[in-house]
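These notes are about the structure you will find just below.
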Amino acid sequence: LYKKAASKEVPSFVLVGPSGAGKTSFLTLFANGTIAETYTSQEPQAALCQLPSSTRSKEDRYRSEHDTSSRSQPKFHLVDNPGHGKLRHHATTSILSRTSVRGLIFVVDSAAISSAAGLTEAAEYLHDTLLWLQKRHTQGKTTKGPASIPVLIAANKQDVFTSLPTGLVKTKLEEEIHRVRESKSKGFLDSGVGMEDDAGKDEEGDWLGEYASKEFKFSQMEEHGVDVSVLGGNVRGDGEEGGKVEKWWGWIGENL
Ligand code: GTP
Ligand code: MG
């Protein structure tokens with residue numbers, strides 16, 4: 001009975017991130033098993049994917065080792081979105097229009113964020129994305145809220161020799177998100193809004209993570225119901241089959 005109810009809607013994972021990070025390439029590889037040439041995306045697209053038999057799904061944990069009955073690996077939709085600044089509203093629409101979103105995959109180009117401009121762009125977009133999820137969680141607490149959505153930060157293009165290793169991608173993004181957070185709250189004060197007693201101010205509600213903390217850490221998102229993982233890989237490799245993506249498959253399997 002449970003299985004029947006659960007199979008009604010195919011769950012989805014939503015791809016976001018700056019332009020050129022590799023979202024469409026990610027979708028193509030996960031849906032078709034091959035990589036193809038991509039063009040700057042202008043609208044969202046969805047593709048049906050299936051967990052490979054080598055990847056364990058959450059359901060597998062409850063199966064006995066001796067259970068040899070054939071099982072079909074679960075299916076899910078990947079939803080690709082354009083990364084261009086003016087088209088980012090599509091990503092929120094993609095999430096809101098789906099009832100069974102199991103996770104958000106934020107793709108970053110690990111080489112692009114070794115430049116100051118690339119880092120700032122990724123961190124600002126990630127800050128806004130996480131704040132959106134945080135607010136969604138806060139509002140969800142009072143009403144019968146939507147389920148919380150875990151986030152995978154996919155540190156892509158690890159094959160490029162100028163790319164930062166995954167650990168550094170994580171700390172650089174944390175440091176830069178801290179700066180974004182500070183400057184947003186400062187802008188808030190400078191605007192004079194903070195001077196008035198209440199008029200429309202919600203400084204705490206617009207602060208990402210642990211309020212007034214001196215550092216930003218992704219782990220601060222846990223208390224807001226957002227579980228963040230940073231895992232490295234590369235969609236493109238030497239061959240046609242793409243590069244190293246096992247960790248991302250693993251994360252999808254755990255959240256499917
Ligand atoms: P927008 O549609 O503009 O938001 O970009 P996108 O995130 O969809 O990027 P896309 O998938 O189109 O990839 C941009 C470029 O990066 C393409 O030339 C890809 O071939 C390349 N690319 C993607 N992943 C990798 C990777 O892991 N390694 C390398 N070397 N190149 C990659
Ligand atoms: Mg694209």
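Starting from 1, each residue takes its place in the sequence as its number. Note: hydrogens, waters and symmetry copies are ignored here, and every other heavy atom, side chains too, is used. Just follow the structure's listing: the first ligand is 1, and inside any ligand the first atom is 1.
Qualifying side-chain hydrogen bond (donor to acceptor under 3.5 Å, both in side chains) partners for Q158, counting only residues two or more places apart in sequence or in other chains: S110. Annotation: side-chain hydrogen bond (donor to acceptor under 3.5 Å, both in side chains) contacts of Q134 (sequence neighbours excluded): none.
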Please walk me through it: do Y125 and V16 pass side-chain contact (heavy atoms from CB on, under 4.5 Å)?
CA-CA 9 Å; Y125 190 11; V16 293; 3.8 Å; yes

Just do the side-chain hydrogen bond (donor to acceptor under 3.5 Å, both in side chains) check on R181 and S213 with the steps written out, would you?
CA-CA 10 Å; R181 195 172 69 167; S213 52; 3.1 Å; yes

side-chain contact (heavy atoms from CB on, under 4.5 Å) evaluation trace for K184 with D206:
CA-CA 9 Å; K184 292 216 173 183; D206 284 328; over 6 Å; no

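Protein residues with a heavy atom under 4.0 Å from ligand 1 are P18, S19, G20, A21, G22, K23, T24, S25, T38, T40, S41, P82, G83, N156, K157, D159, V160, N234, V235, R236.
For E204 (side chain) and Y211 (main-chain N/O), no donor-acceptor pair under 3.5 Å exists by modelled atom type.
Listed by chain and number, the protein N, O or S atoms at a distance under 2.8 Å from the Mg ion (ligand 2) are T24 OG1, S41 OG.
Between I105 and I252, some side-chain heavy-atom pair lies under the 4.5 Å cut-off.
Aromatic ring orientation, F218 versus F216: perpendicular (interplanar angle above 60°, classes split at 30° and 60°).
Between W248 and N234, the shortest heavy-atom contact is CH2-N, 3.7 Å.
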